[in-house]
Student: 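Before we start, here is the structure in question, set down as structure tokens.
First the proteins, then the strands, lettered A, B, ... as listed; each starts at 1.
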There are 2 protein chains.
Amino acid sequence: MEDNSSGTTTGPAAGPAEELPGGRARPKTGKSEQTRALILETAMRLFRERGYDKTTMRAIAQEAGVSVGNAYYYFESKEFLIQGFYDQMTYAHALDATARMAGERDFDARLRISLESWLDCAADYHEFAAQFFRTAADPDSSLSPFSNESHPARATAVDLFRDVLNGSDLAPRLDAELAELLPDLLWLHLMVVVLYWVFDRTPDTARTREFVRRSTPLVAKLIALSRYRVFRPMVRDAKSLIQDFILPTIGRTAATRTPPPPPRRP
Amino acid sequence: MEDNSSGTTTGPAAGPAEELPGGRARPKTGKSEQTRALILETAMRLFRERGYDKTTMRAIAQEAGVSVGNAYYYFESKEFLIQGFYDQMTYAHALDATARMAGERDFDARLRISLESWLDCAADYHEFAAQFFRTAADPDSSLSPFSNESHPARATAVDLFRDVLNGSDLAPRLDAELAELLPDLLWLHLMVVVLYWVFDRTPDTARTREFVRRSTPLVAKLIALSRYRVFRPMVRDAKSLIQDFILPTIGRTAATRTPPPPPRRP
DNA sequence: TCGAAGTTTTGAACACGTTCAAGGAACGCA
DNA sequence: TGCGTTCCTTGAACGTGTTCAAAACTTCGA
């Protein structure tokens, strides 16, 4: 918060929320964008090769053939390189998962596929991921996916889970209001899996994969059961708790909060 | 992992798992223990006053009247000072919560009281706690409460929740096996509350307090319901998932793990 | 009391993330 | 062409966490 007077430099580092290929973004010169990409790619390669802590900013700069100050012109800090990595990976994951679950209608399978896809996309970065998670746990860092700042990567991820649900045979049978909450909850489920994965030390993170295979049927069953009468009061309580306390804390400020009671009659 | 050859120094920093007042602990000279305590207290005061990042090791040393190297003799790194803080707070919390819920038999109330007690104990450190949580999220750090290293503070916390359960009217009505898992699960619930608290920016963390008031009845209801027939299959699945995948990942490898860690380094 | 072995303390030195004043390079305009 | 403005790049310098060889102190047997 106290860093907002980020100096006299007016470089792109001040507003780094634009490097996905979709934006009108940076002025014009392809040169600048090229340097930025070079630095990010070099950093990611070194992170993969040596790990985060052992990769110094000096090494990144030298390996990329620029000065250390130049790296700071494009990335506000070493942590912002992680943001670049996270955005890229989220995007790749969304594409891969969507492709892989095409045609599959079973909700459990779709959920499992999308999580396994994440594990595959992230596999090369397992060691380095600890650092990412550390950063995510810091509420002061704008990189945290839990932080209120609009986080394009998080929106992409939540959209993917909306797709997981909507493309499944489960979707039409669900209460509309619950269906609205679920994408965010499934994203939270991914966060739990990520937490598990970060701490997983088994070869090829086999344990996490097993955890996914075991936990997704449970999630599917839980959601399916939520329609039944007996569970109504509890589901209602849980729903309002989530709506009032969980979602506003993550990105979802007020976008869709308690819409007027939908007079549905099943 | 690669730091294990922690240098030639054989000071107490190598085995800092002993400073709770219950132990036979450090050899004999009260002097050493005194210096250690002085450094820890000074650090905690400065953390409280200035925050973690703004408190430098040099400042801690100067304020405590020792050299910076001396601080490193007692604490392997700045992060290990957090461990000292965490141990102390956990102990204080266990005492406070136990006292506060004495006489109360309602499970929901006991759970709520114990969580509110935590919030009160931690209140002074709210700002600084972000850093603690950051550390907790790093699997390479032996400070992480999720790490396998025997973590006396965690054991204390889990014991507290065992007490929350056993002292309640709910305990005798529960399946024995489930009752065995619950203390760890309730500790996980605390971790969720802590996560919420860390990100909470409302004055006096009012939002977290509201979150506790709203979530504990749900937890209580969920546990109470688990006895009913309909839920059996699901409870069984969840139980085995937790038993096989969650608890082993946190400290709980086997029932009782090598109780006495000998602090001798010849 | 002496000396050796162990314990505690010191502070200069090191590596790293980060900052910043200064200087080029590119572009527009007269 | 010359000049002003903006964008990009540089690398020395700063403050920080951390290390380590050496000094100071304690303990204890002879």
Student: In terms of ring plane angle, is the pair A:Tyr196 and A:Phe211 parallel, tilted or perpendicular, where the classes change at 30° and 60°?
Tutor: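 Parallel: the ring planes of A:Tyr196 and A:Phe211 meet at under 30°.
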Student: Strictly below 4.0 Å: does A:Tyr73 bring a side-chain N or O up to OP1 or OP2 of C:dC20?
Tutor: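 False: A:Tyr73 side-chain N/O out of range (4.0 Å or more) of C:dC20 OP1/OP2.
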Student: Would you please indicate if the ring centroids of A:Phe47 and A:Phe85 are separated by under 6.0 Å?
Tutor: no
Student: Does B:Thr56 put a side-chain nitrogen or oxygen below 4.0 Å from OP1 or OP2 of D:dT16?
Tutor: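 No, because none of the side-chain N or O atoms of B:Thr56 sits under 4.0 Å from OP1 or OP2 of D:dT16.
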Student: Starting at atom NZ of B:Lys78, determine the distance to atom C1' of D:dG15, rounded to an integer number of angstrom.
Tutor: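 Roughly 12 Å, once rounded to whole Å.
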Student: Take the protein atom OH of B:Tyr52 and the nucleotide atom P of D:dT16, then report the distance between them rounded to whole Å.
Tutor: 14 Å
Student: Can a donor-acceptor pair under 3.5 Å be found between the side-chain atoms of A:Arg58 and the base atoms of C:dG17?
Tutor: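 For A:Arg58, whose side chain was compared with the base of C:dG17, there is a donor-acceptor pair (under 3.5 Å).
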Student: So, OP1 or OP2 of D:dC8: does either fall under 4.0 Å of a side-chain N or O from A:Ser32?
Tutor: yes
Student: For residues A:Ser32 and A:Tyr74, is any side-chain donor paired with an opposing acceptor at under 3.5 Å?
Tutor: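 There is such a pair (donor and acceptor under 3.5 Å, judged by atom type) between the side chains of A:Ser32 and A:Tyr74.
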Student: Which nucleotide in the list C:dG17, D:dT9, C:dT9 gets nearest to the side chain of A:Met57?
Tutor: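 Minimum distance to the A:Met57 side chain belongs to C:dG17.
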Student: Tell me the interatomic distance from B:Gln62, atom CD, to C:dT10, atom P, rounded to whole angstroms.
Tutor: 13 Å
Student: Decide whether a cation-pi geometry holds between A:Arg48 and A:Phe128; the criteria are a distance under 6.0 Å from NZ or CZ to the six-membered ring centre and an angle within 45° of the ring axis.
Tutor: no
Student: Atom OH of B:Tyr72 to atom P of C:dA13: distance rounded to whole Å?
Tutor: 18 Å
Student: Here's a test of your reading of the structure: between A:Gly69 and A:Thr55, which maps to the more 5' nucleotide of DNA chain C?
Tutor: A:Thr55
Student: Apply side-chain hydrogen bond (donor to acceptor under 3.5 Å, both in side chains) to the pair A:Thr205 and A:Asp200, showing each step before the final yes or no.
Tutor: CA-CA 6 Å; A:Thr205 61; A:Asp200 186 359; 4.7 Å; no
Student: Starting at atom CD of A:Glu79, determine the distance to atom P of C:dT18, rounded to an integer number of angstrom.
Tutor: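 After rounding, the gap between these two atoms is 7 Å.
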Student: Which nucleotide wins on minimum distance to the side chain of A:Tyr74, given the candidates C:dT18, C:dG11, D:dC8?
Tutor: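 Among C:dT18, C:dG11, D:dC8, the one nearest the side chain of A:Tyr74 is D:dC8.
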Student: D:dG15 P sits how many Å from B:Ile60 CD1, rounded?
Tutor: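 Whole-Å distance recorded here is 18 Å.
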Student: Reckon A:Thr35 has a side-chain N or O less than 4.0 Å from the OP1 or OP2 of D:dC8?
Tutor: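 For D:dC8, neither OP1 nor OP2 has a side-chain N or O of A:Thr35 closer than 4.0 Å.
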Student: Using whole Å, what does the distance between atom P of nucleotide C:dC16 and atom CG of A:Leu46 come to?
Tutor: 13 Å
Student: Looking across every strand, which nucleic acid part, if any, lies under 4.0 Å from A:Val66 by heavy atom: base, sugar-phosphate, or nothing?
Tutor: sugar-phosphate
Student: Taking only side-chain N and O atoms of B:Asn70, does any of them lie within less than 4.0 angstrom of OP1 or OP2 on C:dT10?
Tutor: yes
Student: Find the distance B:Glu33:CD to C:dT7:P and express it as a whole number of Å.
Tutor: 15 Å
